[in-house]
Amino acid sequence: MNYFIGVDVGTTSTKAVLYDEHAKVLDHFSEGYSLYRDASGMAEQDPEAMLNAVEKVIHDAGTKIDFANEKLLAVSFSSANQSVIMLDHHFRPLSRVITWADTRARTVADQLKRSPEGQQLYAKTGTPIHPMSPLTKIMWLNQAHPETVAKTTYFGDIKSYLFYKFFGSFKVDISIASCTGMMNINTGNWDSQALTLAKVKANQLPTIVNGTSQAVGLTDEAQSKLGIPADTPFVYGAFDGALSNLGVGAIKQNTVAITIGTSAGVRVVTDHPVIDPQQRLFCYAVDNGLWVIGGPLNNGGDVYQWAVEHLVDASAVKNEQVDPYTLANHVIEGVPAGAHALLFHPFLGGERAPLWDANARGSFFGLSQLHTRADMLRSVMEGICMNIATVFQAVRNLVGEPSSVTATGGFARAEVWRQMLADVLNCPVNIPNSFESGCLGAVTMAMKSLGIVDSLDVVQDLIGDISSYQPRASAVHVYQQYLPLFQQVEGLLTPAYSTIAMLQQQSSHKEG
């Protein structure tokens with residue numbers, strides 16, 4: 001038998017899925033690590049912990065293969081995008097991994113966004129001006145940590161760092177590169193204007209390669225730790241959002257993919273770049289000739305986790321002898337659509353699309369003495385879905401009405417989430433029964449890289465069973481009244497976000 005390993009390097013864990021040569025799932029592996037946060041907006045990871053996790057899941061998957069009689073065809077990668085690592089001239093880390101969730105560059109980003117240069121860069125790179133982007137991160141590092149920048153020879157991301165550790169070559173796929181705010185989407189090269197702003201030379205950044213490009217020839221150290229043949233091809237793949245689209249078959253302009261994990265995303269794939277005149281959406285490469293347009297949202301399952309931790313009665317969990325999420329979902333099912341006229345804006349971690357405002361904060365609107373914790377729980381879930389619907393509308397306005405929506409992520413395991421999303425979007429929602437879409441997308445790219453398939457369209461035949469949810473007319477009627485109000489209140493509160501964020505920062509400093 002022949003095998004593939006799909007690897008997904010995420011924010012809090014790395015997952016690997018072992019597939020046979022027909023992309024049938026054989027086994028799953030996962031290894032977690034910490035995300036370090038503080039009140040300044042820091043969100044960092046330890047690169048060595050991430051390297052160890054990647055090595056472990058590949059090694060564990062490899063133990064299922066009899067290399068004397070069977071072959072590992074390829075290992076292919078999905079990873080979170082918009083990370084930055086400062087490296088010395090020996091490619092040793094001078095910093096932790098500054099993740100997409102880090103917001104310390106918000107002042108730099110705000111200034112750039114308001115400038116003519118910011119508008120020019122968005123039009124050329126397709127990357128919204130926001131503290132998530134490596135461009136603004138590096139600009140901030142130049143101001144905040146000039147002494148470390150002075151020692152820095154290279155600026156990498158987690159994937160280019162991993163591939164360097166495995167193969168000794170410093171390269172990155174075009175998909176990750178296009179998310180940096182420093183790659184020109186029309187030329188596929190690093191953009192000179194962006195490099196000037198970042199005070200970085202092109203040779204300090206990884207060489208840009210296609211997503212189907214291979215690295216072969218593991219170093220002795222890497223081969224020893226991974227426990228797989230040294231000549232196994234490693235395929236660069238793409239960033240996780242793009243591969244999630246691919247992994248659910250959403251690779252045509254008429255199919256929108258929505259992911260709700262810790263964060264969330266709404267994306268559609270096109271065969272040409274599309275720039276949003278209102279700068280609400282990104283335009284990133286998937287690979288040569290494929291582009292993904294959409295919006296990432298900071299606030300997804302992590303907001304629901306916060307709500308469950310603070311709003312679910314611990315004694316009820318003990319009495320019912322179920323986990324708190326199962327109990328919360330059961331409680332929510334008993335509350336009518338609209339949560340008795342209670343709205344929740346889920347911006348606990350600032351927000352990317354559609355606001356692109358790191359200072360955004362969460363709020364309940366309409367709260368009265370009649371509302372219960374059950375109402376609040378449902379309104380949190382509805383708020384996440386309404387925020388997704390706002391980005392979904394922007395995508396539809398830009399690329400046209402979709403014929404279908406496919407949704408994945410941890411939320412998809414809960415029936416109440418699935419139905420609510422269909423009702424809020426007023427659109428049928430398809431849920432693939434296989435959840436690790438990023439790993440499947442990565443393996444599909446490996447198949448194309450090896451010449452096993454001619455087109456990525458083959459993924460349609462690999463997805464497996466799908467469950468479909470139709471919007472319910474009664475719930476749709478409610479949400480069509482509430483969604484405009486949700487957006488109106490969002491607009492009214494936006495000017496106050498910077499002030500409340502400043503007051504919260506002052507408060508945390510006093511307590512510290």
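When reading the values below, keep in mind they use all heavy atoms of this one structure, side chains included, and skip hydrogens, waters and symmetry mates. Numbers here simply count residues along the sequence, with the first being 1.
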Strictly distance-based, threshold 3.5 Å: is any side-chain N or O of Lys137 a donor or acceptor partner for the main-chain N or O of Met132?
yes

Neighbour count >12 (heavy atoms, 6.0 Å) for atom CZ, Phe365:
no

Is any side-chain heavy atom of Ser468 closer than 4.5 Å to one of Asn430?
yes

Quick one: do the Gln45 and Tyr33 side chains pair a donor with an acceptor below 3.5 Å?
no

Look only at the side chain of Glu382 and the backbone of Gly338, and say whether a donor-acceptor pair between them is shorter than 3.5 Å.
yes

For residues 316-325, the side chain to side chain donor-acceptor pair (under 3.5 Å) pairs (sequence neighbours left out) are Asp323-Thr326

Closest approach of Phe77 to Leu243 (non-hydrogen atoms, all atoms of both residues)
O-CD1, 3.5 Å

Side chains of Asp357 and Phe347: does their closest heavy-atom pair fall under 4.5 Å?
no

Between Pro471 and Pro428, the two heavy atoms sitting closest are CD-N, 3.8 Å

The criterion is side-chain contact (heavy atoms from CB on, under 4.5 Å); which residues satisfy it with His371, sequence neighbours excluded?
His340, Leu342, Leu367, Ser368, Asp375

Contacts under 3.5 angstrom, residues 483-502 side chains, donor-acceptor by atom type, not counting sequence neighbours:
{"residue": "Gln487", "atom": "NE2", "partner": "Thr390", "partner atom": "OG1", "Å": "3.3"}
{"residue": "Gln487", "atom": "NE2", "partner": "Gln393", "partner atom": "OE1", "Å": "3.1"}
{"residue": "Thr494", "atom": "OG1", "partner": "Glu490", "partner atom": "O", "Å": "2.7"}

Short question: side chain of Glu31, backbone of Val54 - any donor-acceptor pair under 3.5 Å?
no

When the ring planes of Phe163 and Tyr236 are compared, do they come out parallel, tilted or perpendicular, using 30° and 60° as the limits?
parallel

Heavy atoms of Ser315 and Asp313 approach each other most closely as OG-OD1, 2.6 Å

Within a 6.0 Å radius of atom NE2 on His310, are there more than 12 heavy atoms belonging to other residues, nucleotides or ligands?
yes

For Tyr304 and Trp417, take the angle between the two ring planes, folded into 0 to 90°, and tell me which bin it lands in: parallel under 30, tilted 30 to 60, perpendicular over 60.
perpendicular

Do Ser160 and Asp157 have a side chain donor and acceptor closer than 3.5 Å?
yes

